[in-house]
2 protein chains.
Amino acid sequence: MNYNSLLKSYNLKVTQPRIKILQLIDQRGHIAIDDIYNEISQIYEKLSLATVYKNILTMRNIGLIIEIPIVGKKPKYELTKNSHLHFICKECGAIEDKEIIDNLKDIFKTIALKDQFIISSLQNNIYGVCLKCQ
Amino acid sequence: MNYNSLLKSYNLKVTQPRIKILQLIDQRGHIAIDDIYNEISQIYEKLSLATVYKNILTMRNIGLIIEIPIVGKKPKYELTKNSHLHFICKECGAIEDKEIIDNLKDIFKTIALKDQFIISSLQNNIYGVCLKCQ
DNA sequence: GTCCATGCAAACGATTTGCATGCGT
DNA sequence: ACGCATGCAAATCGTTTGCATGGAC
């Protein structure tokens, strides 16, 4: 993925912190703010935690990334992509993406229609224990 | 609902703060910690915010209540009941419960089975705009 | 050269902790 | 009477803010 042009397409200036943040979120799939800071700091020492926070906020507001709130833990972030569901392991915290069946979306739409509720986004998290941690 | 015996059934001592916290969560359906503290304080002035935090934590750990993390906002709490989905209004923050179709659970179970992922709980939040706020 | 992004440190808000006292059992 | 629950204040943690400097365009 070309993070450079991704940033430009959202009218954001291309800076080192931004490229590295995007790259890391993309590589990891799902990552918390602390981990972004810690990992990038190793190769780019002058990075400030405040910069990570500011950029995460900016990217979230414009829809470049999505926040995944997690019960009892700090939120993680992922690049915006088609709706999907998350398997969240209570043990190791790992998150795995699963495709969402069209069927599923239709079920939600039908319920929403009855209530005249206008859906803007879905958040389907399934908590449990992953294979590794069993 | 008899909060008194509900507490006893979870081996918790019956105290004024606990009864009032449970009652309020039950009445409101979904409520944030601040609001619990503010509302109860009006009729029970000596309540401490720390007590609310401690009890919410205790009740969450033993499964009496459930935490609903919400994107960009403080989490809300509800009494534990059968799995259901939440319509969360981005405007007013209101949460509405919707029955979850058995069908839906089966879909998740099927996906989980393939991955050998052991499901412990579902979190289905649908964000959007409720009828009132349109 | 202009304006926005960064880095730092201070400020802030939410949550947790320690400890003496009170209350449920 | 014992032990857990409470209330208070201090401590801690996560996040935001203000401001001077640097870098992207």
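Chain A is the first sequence line, chain B the second, and so forth, proteins listed ahead of strands; every chain is numbered from 1.
Applying the 4.0 Å criterion to OP1 and OP2 of D/dG7, one finds that B/T51 has a side-chain N or O inside that range. Phosphate proximity of D/dT15 to A/Y53: present, with a side-chain N or O under 4.0 Å from OP1 or OP2. For the OP1/OP2 pair of C/dC4 and a distance below 4.0 Å, the side-chain nitrogens and oxygens of A/N11 include no atom meeting the criterion.
Residues A/Y44 and B/L49 both approach DNA chain C. Their nearest nucleotides, taken by heavy-atom distance, put A/Y44 toward the 5′ side.
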Going 5' to 3' through nucleotides 18-25 of chain D and flagging B where a protein heavy-atom sits under 4.0 Å of the base, S where only the sugar-phosphate is that close, and - otherwise, we get B----BBS
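Using a distance-only test at 3.5 Å, with no hydrogens or angles considered, a donor-acceptor pair links the side chain of B/Q134 to the main chain of B/V129. Although no hydrogens or angles enter the test, the distance criterion places a donor-acceptor pair under 3.5 Å between the side chain of A/K76 and the main chain of A/G93. A distance-only check finds a donor-acceptor pair linking the side chain of B/R18 to the backbone of B/K13 [under 3.5 Å]. No donor-acceptor pair under 3.5 Å is formed between the side chain of B/Y44 and the backbone N or O of B/K20. Using modelled atom types, no side-chain atom of B/T51 and backbone atom of B/L47 make a donor-acceptor pair closer than 3.5 Å.
Between the CD1 atom of B/I21 and the C1' atom of D/dG7 there is a distance of 13 Å, rounded to whole Å. In this entry the distance linking NZ of A/K74 with P of C/dA14 reads 17 Å, nearest Å. What separates CD1 of B/I36 from C1' of D/dT6 is a distance of 17 Å, to the nearest Å. Rounded to a whole Å, the CG atom of B/L22 is 14 Å from the P atom of D/dA5. B/I19 places its CD1 atom 13 Å from the C1' atom of D/dA5, with the value rounded to the nearest Å.
Aromatic ring orientation, A/F87 versus B/F117: parallel (interplanar angle below 30°, classes split at 30° and 60°).
Looking at A/E78 and A/I95, their side chains never come closer than 4.5 Å, going by heavy atoms from C-beta outward.
Backbone-only engagement by A/L47 is indicated by non-hydrogen atom pairs under 4.0 Å involving sugar-phosphate atoms exclusively.
If you check D/dG7, C/dA14, C/dA5 against the side chain of B/S48, the one that comes closest is D/dG7.
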